[in-house]
Each structure stands twice: as C-alpha cells, then as structure tokens.
2 protein chains.
Amino acid sequence: MGDPLSTTFAALADPTRRAILARLSNGESNVTELARPFLETMSLPAVTKHLKVLENAGLIQKTKSAQWRTCSLRVDPLREATDWMEQYRQIWESLDRLDDYLKELQEAVQRDKEEPRDLPKPKGKRHARKAK
Amino acid sequence: MGDPLSTTFAALADPTRRAILARLSNGESNVTELARPFLETMSLPAVTKHLKVLENAGLIQKTKSAQWRTCSLRVDPLREATDWMEQYRQIWESLDRLDDYLKELQEAVQRDKEEPRDLPKPKGKRHARKAK
DNA sequence: CGGTTAATTAACCACAAAGTAAATTACAAG
DNA sequence: CTTGTAATTTACTTTGTGGTTAATTAACCG
C-alpha cells in the first residue's frame with residue numbers, strides 16, 4: 001500500500017478489524033479467543049488474514065509462546081493517524097462556532113418577530129452537538 | 001463498502017485523496033484546479049474518480065455552476081472518525097505516563113549508582129514526546 | 001509415537017479499486 | 001452552429017482484498 005498513514009487508514013477501514021482492536025484495548029489475547037465472536041460470520045483463516053493486515057500496519061504485535069500467538073495493541077500508528085486528523089479539528093470547531101452564532105442570530109430574529117422587544121434573551125447551551 | 005466509518009477510513013487511505021482534502025482545507029476549488037498537482041502522475045479521469053470516492057464518503061461536496069464543479073470540504077465524517085480514535089487516546093496517554101514514570105525511575109537508579117546519596121534530584125520535563 | 005489443539009499457508013474465487021485511453025455530455029461564446 | 005473548455009462516462013486492464021476449503025506446521029500431552 002505504500003506510505004504508513006495509508007496503511008493505517010486502510011487497516012481501520014474494516015469493521016472486523018476495528019472490533020479486534022477494540023477487543024485488544026482491554027488486554028491482550030490469542031488468535032482463537034479473538035476469532036470467537038466472528039466464527040459465525042467467517043472462518044478462522046479469514047481472521048488470521050485480518051490480523052496480518054493489522055500487524056503489517058503496526059497496529060498489533062504478535063508474540064508466540066508455545067502454540068499460542070498472543071496479540072497486543074500497538075497505539076503508535078493510531079497516534080500518527082490522530083495527529084493527521086487534528087489539522088482539521090480547528091476547521092470544524094470554527095464551523096461549529098459559526099453555526100452556533102448563526103443559530104443565535106436566527107433565534108434573536110424569531111424572538112423579535114413573535115414578541116417584539118422586551119424580555120431578556122435566555123442563552124442556549126452551545127456545543128451540545130451529539131450524544132454518543 | 002458498507003458502514004460510514006469504514007467508508008471514511010477507506011477514503012483517507014490514499015495519499016492523493018488526503019492531499020486533495022488538505023488543498024480544500026484552505027478554500028474550495030474546481031476539478032481542474034484540484035487536479036493540476038497530480039497531472040504529471042495521473043490522468044484527469046483518475047482524479048475524477050478520487051473525487052467521487054471522497055464525495056461518496058461525504059468528505060467533499062460538489063456544486064455545479066456553468067461547466068465548473070466547485071468542490072468544498074465537509075468535515076462531518078472526519079469528526080466521526082476522530083471520535084472513534086479518541087477512545088484509544090486515553091490508552092496511549094496512560095502508556096506515555098507509565099513510560100515517563102519508568103524513565104524517571106531509571107534515571108533515579110542511575111543517579112544512585114554514580115553519586116550515591118545526597119544531592120537533590122532535579123525533576124525532568126515530562127511529556128516532551130515528539131516535535132512535529 | 002500418535003493424537004489434539006493452535007494457527008498459518010496454499011490454492012483458489014469473486015469482486016472492488018486504481019489506473020488508462022477514448023468517447024461523450026454540458027455549457028459558453030465567438 | 002461551431003468550437004473550445006470542463007468534467008464525466010464507458011470500456012477495459014491490472015492488482016489487491018476478503019473470503020473459502022483443504023493441507024500443513026508447530027507444540028503440547030498422554
């Protein structure tokens with residue numbers, strides 16, 4: 001795939017692989033354990049392949065002991081990816097502020113139409129953008 | 001590709017597309033303008049395809065006026081992607097802290113070896129992880 | 001040794017992605 | 001109405017991805 005960022009994003013572009021990472025974020029695990037939740041959807045070799053993709057992207061590390069491969073999360077590529085995204089954060093934050101501002105203006109206009117002049121404007125909550 | 005997050009990450013997994021987004025982060029632009037930096041590497045239709053991928057992922061919006069398509073950045077999918085990454089931030093931040101702690105311990109041990117007991121330990125800067 | 005468990009490799013298939021060249025649409029303007 | 005410009009669509013090629021089943025490696029255990 002070439003450059004590291006591309007490899008990272010490509011690895012993240014699959015729900016199975018993201019689920020595996022999520023699972024690994026609360027502790028390491030071996031392949032069969034990691035595979036279990038998916039074995040109704042796909043075969044074991046399929047999971048092995050996903051793990052290989054994650055490994056190539058540096059998102060996990062496999063260490064073998066006896067017949068088990070223990071997989072653990074490596075966060076460095078996630079850091080890199082987040083760093084890249086951060087450059088856009090200021091853009092959407094300024095958009096948020098503009099949005100809020102316009103909404104406030106709009107509300108002010110509405111209030112003026114309905115009850116022209118004279119009650120104090122209640123300031124709405126800003127940035128209550130989303131409930132996860 | 002299915003779910004929105006996968007589509008977003010897949011769209012970001014290409015340097016050309018990331019460059020296009022970067023370009024759009026300082027203002028909208030039409031297709032030929034956007035394509036210019038890449039025309040030595042690839043054809044115009046190739047760029048059109050990349051734009052289509054970005055559009056399908058909701059990362060850009062195209063509006064036509066006359067024979068020009070003006071493309072502009074849409075940050076919402078980036079927000080979603082960042083939100084997803086954020087759940088890992090605490091992991092690597094705690095790793096950073098552990099790292100720093102171990103390093104301090106290590107340094108303390110070194111000091112003890114070299115100049116056994118009696119000068120006050122100067123506290124090093126924590127979290128000077130990386131210069132971009 | 002022989003059997004079982006863990007995991008990968010090999011060989012294959014279907015389909016999507018990234019690119020090309022060439023044709024086509026859409027509009028503006030002489 | 002023809003010509004030039006902007007951009008897309010079509011048709012095709014190559015390569016990569018995600019999945020399969022079957023075979024293979026590797027280690028442990030009785």
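To find a chain, count down the sequence lines: A is the first, B the second, and so on, and within it residues start at 1.
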Visitor: Write down the distance between CG (B/L54) and C1' (D/dT8), rounded to a whole number of angstrom.
Guide: 16 Å
Visitor: Rounded to whole Å, please give me the gap between CG in A/L34 and P in C/dA6.
Guide: 13 Å
Visitor: Tell me: CG of B/N56 to C1' of D/dT8, nearest whole Å?
Guide: 14 Å
Visitor: Measuring only between side-chain heavy atoms, which start at C-beta, is A/I20 closer than 4.5 Å to A/F38?
Guide: yes
Visitor: Report the distance from atom CG of A/L39 to atom P of C/dA6, rounded to the nearest whole Å.
Guide: 12 Å
Visitor: Would you check if the side chain of A/N56 reaches a backbone N or O of A/V53 as a donor-acceptor pair within less than 3.5 Å?
Guide: no
Visitor: So does B/G2 get a backbone contact from the side chain of B/S6, meaning a donor-acceptor N/O pair under 3.5 Å?
Guide: no
Visitor: For each nucleotide in nucleotides 14-30 of chain C, reading 5' to 3', give B when a protein heavy atom comes within less than 4.0 Å of its base, S when such contact involves only the sugar-phosphate, and - otherwise.
Guide: ----BBBBB----SS--
Visitor: Measure CZ/A/R36 against P/C/dA7 and give the value in whole Å, please.
Guide: 10 Å
Visitor: Find the distance A/K62:NZ to C/dA6:C1' and express it as a whole number of Å.
Guide: 12 Å
Visitor: For residues B/L54 and B/R17, determine if any side-chain heavy atom of one lies less than 4.5 Å from a side-chain heavy atom of the other.
Guide: yes
Visitor: May I ask you to say whether B/E86 pairs ionically with A/R89, meaning some side-chain N is under 4.0 Å from a carboxylate O?
Guide: yes
Visitor: How far does CD of B/E33 sit from CD of B/E28, to the nearest 0.5 angstrom?
Guide: 10.5 Å
Visitor: Would one find a side-chain N or O of B/T48 under 4.0 angstrom from OP1 or OP2 of D/dT8?
Guide: yes
Visitor: A/K52 side chain N/O closer than 4.0 Å to the phosphate oxygens (OP1, OP2) of C/dA7?
Guide: no
Visitor: Whole angstroms only, please: what is the CD1-P distance between B/I60 and D/dA7?
Guide: 12 Å
